[in-house]
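Numbering of residues begins at 1 and proceeds along the displayed sequence.
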Amino acid sequence: MGNRAKVMDRWYGGRTSGRYKQTPHPPFIGEPQFTFKELYIPQFTHKLVTDEYGRSSYQPLERNLTPSGIRVLDDYLQALNRGCTDVSGFCKRYNARTADLDGLIFFLLGMPNLEFRNRWIMHNADLLLRYTDMKIDEVARRSGAGTRTNLYFMYERDLNTSPTERRNDIQKKGDIGKYKIEESNT
């Protein structure tokens, strides 16, 4: 039995999930053309507004669905907003390589696409956790994380907390129902 452990170590010891080790992307030199905040498209379509008589109603939010003016980038942002984080699938629509999109994101935002996409997912999830009472499964699907497990591990990695604990930390009185999402029929 003692030799078996040595064989296992030889085959599995130094590997990390079958992928090559990624080196961190070197920092962007100069000023990026856009910030994350300038390009972010919120998922919420309506905001709860109370008039001077105390009546509440939902008013449509102004949303700029083409914040950059660059068609490919705006299409990518809209895909992320729908929870579609499959970069290769998106690139196939334009007969492009994922490296092409990675380069575009890096030049325009000054950060690697993976970092941008993860920030987008986490920001979406934070807003959904704060302003809705959606189940964690639905938050994961809508944010782009995919599954509840993926969302859990993203929160553990980035914030050292679970999505449920995060919801309890960021939710304030009156937050639930402040915004809503109406599905479009297009």
May I ask you to decide if [Y]'s main-chain N or O and [X]'s side chain share a donor-acceptor pair within less than 3.5 Å?
X: Asn113; Y: Ile105; answer: no
X: Gln171; Y: Asn168; answer: no
X: Ser143; Y: Ala140; answer: yes
X: Asn118; Y: Glu115; answer: no
X: Thr66; Y: Gly69; answer: no
X: Asp175; Y: Tyr131; answer: no
X: Gln59; Y: His46; answer: no
X: Gln43; Y: Arg142; answer: yes

For a 4.5 angstrom cut-off between non-hydrogen side-chain atoms, does [X] reach [Y]?
X: Arg167; Y: Ile136; answer: yes
X: Leu127; Y: His123; answer: yes
X: Leu61; Y: Pro42; answer: no
X: Ile181; Y: Leu128; answer: yes
X: Leu73; Y: Leu39; answer: yes
X: Asp75; Y: Arg93; answer: yes
X: Tyr94; Y: Leu101; answer: no
X: Leu80; Y: Thr85; answer: yes

Return yes if a side-chain donor-acceptor contact under 3.5 Å exists between Thr98 and Ser88, otherwise no.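 Looking only at side-chain atoms, Ser88 and Thr98 do not form any donor-acceptor pair under 3.5 Å.
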
Check: Tyr40/Asn81 side-chain N/O donor and acceptor closer than 3.5 Å: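 Judged by distance alone, the side chains do not pair up.
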
Do other residues, nucleotides or ligands put more than 12 heavy atoms under 6.0 Å from the NZ atom of Lys180?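 Counting neighbours around NZ of Lys180, more than 12 heavy atoms of other residues, nucleotides or ligands fall under 6.0 Å, so yes.
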
Take atom CZ of Arg157 as the centre, draw a 6.0 Å sphere, and report whether it contains more than 12 heavy atoms from other residues, nucleotides or ligands.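 Check passes, neighbour count above 12.
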
Residue pairs meeting salt bridge (Lys or Arg N to Asp or Glu O under 4.0 Å), one or both in residues 39-53, sequence neighbours left out, come to Asp51-Arg55

Let me know which of Phe36, Phe34, Phe107 forms a ring pair (Phe, Tyr, Trp, His ring centres under 6.0 Å) with Phe116. Phe36

Could you see if Leu77 belongs to whatever hydrophobic cluster contains Phe90? Use Ile, Leu, Val, Met, Phe, Trp, Tyr and a side-chain cutoff under 4.5 Å. yes

Closest approach of [X] to [Y] (non-hydrogen atoms, all atoms of both residues):
X: Leu48; Y: Ser56; answer: CD1-CB, 3.8 Å
X: Pro67; Y: Leu65; answer: CD-C, 3.4 Å
X: Asp74; Y: Ser68; answer: OD1-OG, 2.7 Å
X: Gln33; Y: Glu38; answer: O-OE1, 4.0 Å
X: Lys172; Y: Arg130; answer: CD-NH2, 3.5 Å
X: Gly110; Y: Pro32; answer: N-CB, 3.7 Å

Taking Lys135 first and then Glu138, would you say they form a salt bridge - that is, a charged N and a carboxylate O separated by under 4.0 Å?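 No, no charged N to carboxylate O under 4.0 Å.
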
For residues 150-178, which residue pairs pass the ring-ring contact (aromatic ring centres under 6.0 Å, His included) check, not counting sequence neighbours?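 Of all non-adjacent pairs touching residues 150-178, none passes ring-ring contact (aromatic ring centres under 6.0 Å, His included).
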
Check the angle between the aromatic planes of Phe106 and Phe28 and answer parallel, tilted or perpendicular using the 30° and 60° thresholds.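 Correct class here is perpendicular.
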
Applying salt bridge (charged side-chain N to carboxylate O under 4.0 Å, His left out), can you list everything that pairs with Asp126, at least two apart in sequence or on another chain?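 Listed in chain order: Arg166.
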
